[in-house]
Amino acid sequence: AAIPVSGRLKIMFNPHPIIQVFPIAENQSCYVIDDFLADPSACVELAVMHRADFREAASNAYPGIELPMSQDVNQALINFFSTYINRRFGVRKIKGSYSRLSMVTKKPEQLMPRQWICHRDGVSVPADERMLASVLYLFKDESLGGTSIYQPKADQKMTASLIHDANSMAPKAFSERYGIAPGFMTQSNAWFEKVLTIGARWNRMVIYDSMVFHSGDILRPEAMTADPKTGRLRLSGF
């Protein structure tokens, strides 16, 4: 269940956001907003307060722990996207939103094949709808890593087979079939080309279409921790 944050966490955005545009491919872009929240430390304080309530991701492949946010936070994100972002993606109306605080905590040897490759978040969204995704960095150590965007090298059918097998095959068998070694994806490989990396920065939000292949750029896996004060704390919104 989501942690009720009414009265304890008031999401206030920068009233004059400067939105940077980073092209990904034809008709695709990633948007970056620095100094996103008026008081980002309040999110960190909330995470510290509810440190024991974080749980391992159950419904997705996120390699760490999560804390669902309340409807107050979700509505605040809807308000911001409706004002500044929707038109950039050709979105007329937002039907709903959910968000969570999260931290990468798994070690490379603990990852399953689907966590060795980049991923998309909106594969179950109906064809006439789309899902936008956002990541807000809430840590000051930029070496903990930002977000990288990838493009498939293979055709749609072969890429779909790779993703299916990453979700169903045993690690050794998957690695032997596709030549992908265990660990966090940080570079191009035989199947995906890295086309953009957005570095982490305190209070920076990154926004993209959820059907874009992406991955956390975890260059220092030994630095991942479950401590909100020093870990790779993020607010993810969808």
Side-chain angles (χ1 to χ4, degrees), residues 1-22 24 28-50 53-55 57 59-60 62 64-104 119-126 129-139 146-147 149 198 200-212 214 216 228 232-238:
I3 296 297
V5 296
S6 298
R8 277 183 285 174
L9 177 63
K10 188 173 183 180
I11 295 291
M12 296 183 63
F13 305 112
N14 182 336
H16 305 290
I18 297 176
I19 303 175
Q20 301 178 69
V21 183
F22 292 83
I24 299 172
Q28 283 187 329
S29 294
C30 174
Y31 300 90
V32 176
I33 305 170
D34 287 322
D35 302 318
F36 183 71
L37 292 181
D39 184 16
S41 296
C43 287
V44 179
E45 292 170 4
L46 180 76
V48 171
M49 182 185 305
H50 293 284
D53 296 312
F54 279 80
R55 296 289 183 268
S59 60
N60 59 74
Y62 184 73
I65 54 178
E66 304 175 336
L67 179 68
M69 293 286 93
S70 75
Q71 186 56 35
D72 291 359
V73 177
N74 296 337
Q75 187 59 51
L77 288 172
I78 288 175
N79 294 344
F80 180 87
F81 271 64
S82 297
T83 303
Y84 298 103
I85 300 299
N86 283 10
R87 60 184 176 81
R88 296 174 182 266
F89 287 94
V91 172
R92 296 191 303 273
K93 180 181 179 182
I94 296 179
K95 295 177 64 176
S97 172
Y98 64 95
S99 59
R100 55 188 178 240
L101 291 172
S102 59
M103 291 179 284
V104 171
H119 64 282
R120 299 179 295 181
D121 295 306
V123 293
S124 62
V125 174
E129 299 177 5
R130 68 194 306 184
M131 185 166 75
L132 306 182
S134 64
V135 175
L136 174 64
Y137 302 124
L138 295 167
F139 53 90
T147 299
I149 306 295
I198 304 296
R201 181 177 294 176
W202 169 248
N203 202 21
R204 165 178 281 181
M205 174 167 271
V206 182
I207 303 168
Y208 47 89
D209 189 305
S210 65
M211 287 299 286
V212 169
H214 61 281
R232 191 175 181 271
L233 181 65
R234 325 175 313 162
L235 174 66
S236 300
F238 301 92

Taking all atoms of both residues into account, what is the closest heavy-atom pair of [X] and [Y], and its distance?
{"X": "W202", "Y": "P40", "answer": "CZ2-CG, 3.4 Å"}
{"X": "C30", "Y": "I198", "answer": "SG-CG1, 4.2 Å"}
{"X": "R100", "Y": "P68", "answer": "CB-CA, 4.0 Å"}
{"X": "R232", "Y": "G146", "answer": "NH2-O, 2.7 Å"}
{"X": "F13", "Y": "A76", "answer": "CE1-O, 3.1 Å"}

Residues in side-chain hydrogen bond (donor to acceptor under 3.5 Å, both in side chains) with R120, at least two apart?
none

Parallel, tilted or perpendicular for F36 and F80, by the 30°/60° rule?
perpendicular

Is there a side-chain contact (heavy atoms from CB on, under 4.5 Å) between H214 and V206 once you walk through the steps?
CA-CA 12 Å; H214 61 281; V206 182; over 6 Å; no

Pairwise distance [atom1]([X]) to [atom2]([Y]) - rounded to 0.5 angstrom:
{"X": "N79", "Y": "N74", "atom1": "CG", "atom2": "CG", "value": "11.0 Å"}
{"X": "L138", "Y": "S41", "atom1": "CG", "atom2": "OG", "value": "9.0 Å"}
{"X": "N14", "Y": "I33", "atom1": "CG", "atom2": "CD1", "value": "9.0 Å"}
{"X": "S99", "Y": "Q75", "atom1": "OG", "atom2": "CD", "value": "11.0 Å"}
{"X": "L67", "Y": "M103", "atom1": "CG", "atom2": "CE", "value": "8.5 Å"}

Could you work out, with side-chain contact (heavy atoms from CB on, under 4.5 Å) as the rule, every residue matching A38, not counting sequence neighbours?
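Scan of A38 (side-chain contact (heavy atoms from CB on, under 4.5 Å), adjacent residues dropped) gives M12.
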
Which residues satisfy the side-chain contact (heavy atoms from CB on, under 4.5 Å) test with A47, sequence neighbours excluded?
F54, L101, P228, L233

Taking salt bridge (Lys or Arg N to Asp or Glu O under 4.0 Å) as the definition, give me every residue that meets it alongside R201, ordered by chain and number, with sequence neighbours left out.
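So R201 forms a salt bridge (Lys or Arg N to Asp or Glu O under 4.0 Å) with D34.
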
Among all residues two or more places apart in sequence or in another chain, which pass the salt bridge (Lys or Arg N to Asp or Glu O under 4.0 Å) test with D209?
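Checked D209 against salt bridge (Lys or Arg N to Asp or Glu O under 4.0 Å); matches are R130.
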
Out of the candidates V135, I85, I19, V32, only one should pair with I207 under the side-chain contact (heavy atoms from CB on, under 4.5 Å) rule; please name it.
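Filter result, single survivor: I85.
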
How about [X] and [Y]: do any of their side-chain heavy atoms sit closer than 4.5 Å?
{"X": "Y137", "Y": "T147", "result": "yes"}
{"X": "Y62", "Y": "V104", "result": "yes"}
{"X": "Y208", "Y": "L132", "result": "no"}
{"X": "M211", "Y": "V125", "result": "no"}
{"X": "E66", "Y": "R55", "result": "no"}

Below 3.5 Å, can you tabulate the donor-acceptor pairs from side chains in residues 86-97 to any protein atom, sequence neighbours excluded?
from, atom 1, to, atom 2, distance (Å)
R88, NE, Y84, O, 3.4
K95, NZ, E129, OE2, 2.8
S97, OG, F238, O, 3.2

Using distance alone, with no hydrogens and no angle criterion, decide if R234 and S236 have a side-chain donor and acceptor under 3.5 Å apart.
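Their side chains do contain a donor-acceptor pair, which is all the 3.5 Å distance test asks for.
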
